[in-house]
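Scroll down for the structure; my scribbles are underneath it.
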Amino acid sequence: MKVLLIGSGGREHALAWKLAQSPLMTEFYAAPGNPGIAEHATLVALDIDDHDAAVAFCQQKSIDFIVVGPEAPLVAGIADRLRAAGFAVFGPSAAAAQLEGSKGFTKDICARYNIPTGAYQRFNNAPKAKAYIRQQGAPIVVKADGLAAGKGVTVAMTLDEALAAVDDCFEGAFGEAGAEVVVEAYLDGEEASFFCLCDGRTALPLATAQDHKRVGEGDTGPNTGGMGAYSPAPVMTPDMIERTMKEIIEPTIHGMAESGHPFSGVFFAGLMMTAKGPELIEYNVRFGDPECQVLMMRLKSDLLPLLLACAHGTLDQVEAEWTDDPALTVVVASKGYPGSYEKNTPILALPAAGEGEKVFHAGTSLKDGALVATGGRVLNVTATGRTVGEAKDRAYALIDGVKWENGFCRRDIGWRAVEREKA
């Protein structure tokens, strides 16, 4: 098969690494890719916002299957354009991608189909949003409605913080994403990420993971796109997985189909395990980043037939097999992230990864033949182990071999699971 992977981050490097292992693969392209992805695929300098150019490339190379990694092109309708041109695509339509593209859309689906989530209101102006916040009190959550690269959410512990978050949204801190805000109840509990593939009718549960959103150790500081993750998440017991499928995933599949927007691709449910059980924080319509990195390390099955089954509506005919060994990834980021940071700083050396270890590239590029950091989140240093503690030790030992002065990371990724293992 000739396959094109769209995207350039750490998630895409993990997908590329796993897809490249498939015996079905004959030619593999990635657009635009990154230096890590270049180890597995031929990089193509395509502007992924130019859907006509993507179609032309796929026609020219007789591409059999396209895997779309990031959310922005999906929300912009790239899967629709490619499908209309006759290609098999992994990823939802623009209408179905609203589950991530609009927080309000997702909340309305939850309300309509009785899916457990925090109580909410949608606002298109600051005074009304602030009045509602004052009425509800803190803690409370303020979300920019649209795509904000993981940064449009404020979990406000005080009224002042919540009111400032509303101003940020309406004053343009998140661009068009903040033209509308969703204000929702604060959910207390432990977060977990749950993934399942969907072909519009059938859902195939994948694995669980736990992300670390805050930039600082001990889960302090501002939210980020994710500073590290591990899989599986112990909080997601078999009972919780069953309830998540029954109370959250299956009603969403039914609701999307009934609304005329059947969902094909990967559901990434951000969950809060509350006293009442699993409640939905948000949906994403692509693999998590950095959760994808730990999922791919644990997946024993060939990834390509699983993704193809989503595109062809044959998900009921495939199964996913996982290793029991946990995997853990640590994000090495540019100093200053999630605020402003210096770009094009040199990465002088990366460690040699052994069995069950991998350094995924998230925000790197080659400049005059030298590796430089171009993003906020730059490397995903990943390892497996017999326990989360062992995977953590292996990942941090690898990090000690990264020679990059402008990099930093949290040193406590996996702390909840490690404490559970000790108990």
Side-chain angles (χ1 to χ4, degrees), residues 1-22 24-31 33 37 40-41 44 46 48 51 54-55 57-58 61-101 195-207 249 253 256 261-268 283-289 291-293 295-296 299 301-320:
M1 290 193 70
K2 297 179 179 179
V3 177
L4 170 66
L5 172 67
I6 288 175
S8 62
R11 164 185 47 235
E12 287 76 39
H13 188 185
L15 292 172
W17 171 76
K18 190 67 186 170
L19 286 168
Q21 296 167 27
S22 175
L24 300 175
M25 182 82 75
T26 52
E27 289 179 33
F28 191 16
Y29 300 92
I37 294 170
H40 314 290
V44 186
L46 262 183
I48 58 175
H51 297 176
V55 167
F57 173 81
C58 292
K61 295 289 184 184
S62 304
I63 296 294
D64 297 301
F65 186 46
I66 300 127
V67 177
V68 185
E71 64 275 17
L74 290 168
V75 171
I78 195 167
D80 305 81
R81 181 71 183 85
L82 289 162
R83 280 195 191 99
F87 293 102
V89 184
F90 175 77
S93 65
Q98 288 180 93
L99 279 173
E100 180 164 4
F195 295 85
C196 70
L197 297 178
C198 185
D199 64 4
R201 297 185 308 276
T202 304
L204 174 69
L206 295 180
I249 303 293
I253 293 170
M256 293 300 285
H261 314 311
F263 186 93
S264 168
V266 61
F267 274 129
F268 163 11
Y283 266 129
N284 294 313
V285 299
R286 35 71 192 181
F287 283 102
D289 192 348
E291 293 98 332
C292 184
Q293 290 79 318
L295 294 186
M296 292 306 113
L299 179 63
S301 308
D302 185 345
L303 177 64
L304 190 46
L306 298 178
L307 303 190
L308 269 171
C310 292
H312 294 319
T314 55
L315 205 52
D316 56 349
Q317 298 169 28
V318 295
E319 287 181 2

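Values reported hereafter were calculated over all heavy atoms of this structure, with side chains retained and with hydrogens, waters and symmetry mates removed. Note that the numbering runs from 1 along the sequence shown for the chain.
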Pair Lys61-Val44, side-chain contact (heavy atoms from CB on, under 4.5 Å): steps then yes or no: CA-CA 12 Å; Lys61 295 289 184 184; Val44 186; over 6 Å; no
Please step through side-chain contact (heavy atoms from CB on, under 4.5 Å) for the pair His40 and His13, ending with a clear verdict. CA-CA 9 Å; His40 314 290; His13 188 185; 3.4 Å; yes
May I have the step-by-step check of side-chain contact (heavy atoms from CB on, under 4.5 Å) for Phe87 and Leu4, ending in yes or no? CA-CA 11 Å; Phe87 293 102; Leu4 170 66; over 6 Å; no
Take Thr26 and Lys2, measure what side-chain contact (heavy atoms from CB on, under 4.5 Å) needs, and give me the verdict at the end. CA-CA 6 Å; Thr26 52; Lys2 297 179 179 179; 4.1 Å; yes
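A distance-only check finds a donor-acceptor pair linking the side chain of Arg201 to the backbone of Gly313 [under 3.5 Å]. No donor-acceptor pair closer than 3.5 Å links the side chain of Glu291 to the backbone N or O of Phe287. Panel note: side chain Asp80, backbone Ala94; a donor-acceptor pair is recorded below 3.5 Å. Side-chain N or O atoms of Arg81 include none that pairs as donor or acceptor with a backbone N or O of Val55 at under 3.5 Å. Looking only at distances, a side-chain donor or acceptor of Lys18 sits under 3.5 Å from a matching main-chain atom of Leu299. Judged by distance alone, the side chain of Ser264 and the main-chain N or O of Pro92 form no donor-acceptor pair under 3.5 Å. Formation of a donor-acceptor pair under 3.5 Å by the Arg11 side chain with backbone atoms of Cys292 is not found in this model.
One distance of note links CD1 of Ile6 with OH of Tyr29; it measures 14.5 Å at 0.5 Å rounding. In this structure, Leu19 CG and Leu303 CG are separated by 4.5 Å, a value rounded to the nearest 0.5 Å. The line from CE of Met296 to CG of Leu206 is 7.0 Å long, rounded to the nearest 0.5 Å. The CG atom of Asn284 sits 4.0 Å away from atom CD of Glu100, with the distance rounded to the nearest 0.5 Å. Summarising the geometry, atom CD1 belonging to Ile253 is positioned 9.0 Å from atom CZ belonging to Phe263; distances are rounded to the nearest 0.5 Å. To the nearest 0.5 Å, atom CZ of residue Phe28 and atom CG of residue Leu304 are 8.5 Å apart.
Between Leu306 and Glu319, the shortest heavy-atom distance links the atoms CD2-O, 3.5 Å. Taking each heavy atom of His51 and Ile48 in turn, the nearest pair found is CD2-O, 3.5 Å. Closest approach of Phe268 to Gly288, counting heavy atoms only: CE2-CA, 3.3 Å. For the residue pair Asp199 and Leu315, the shortest heavy atom distance occurs at OD2-N, 3.1 Å. When all heavy atoms of Ile37 and Gly9 are compared, the closest pair comes out as CD1-O, 4.2 Å. Across all non-hydrogen atoms, the minimal contact from Ala54 to Ile78 is CB-CD1, 4.4 Å.
Salt-bridge annotation for Arg286 and Glu12: absent, with no side-chain N of the basic residue lying under 4.0 Å from a carboxylate O of the acidic one.
Residues Phe267 and Tyr283 place their aromatic rings such that the two centres sit under 6.0 Å apart.
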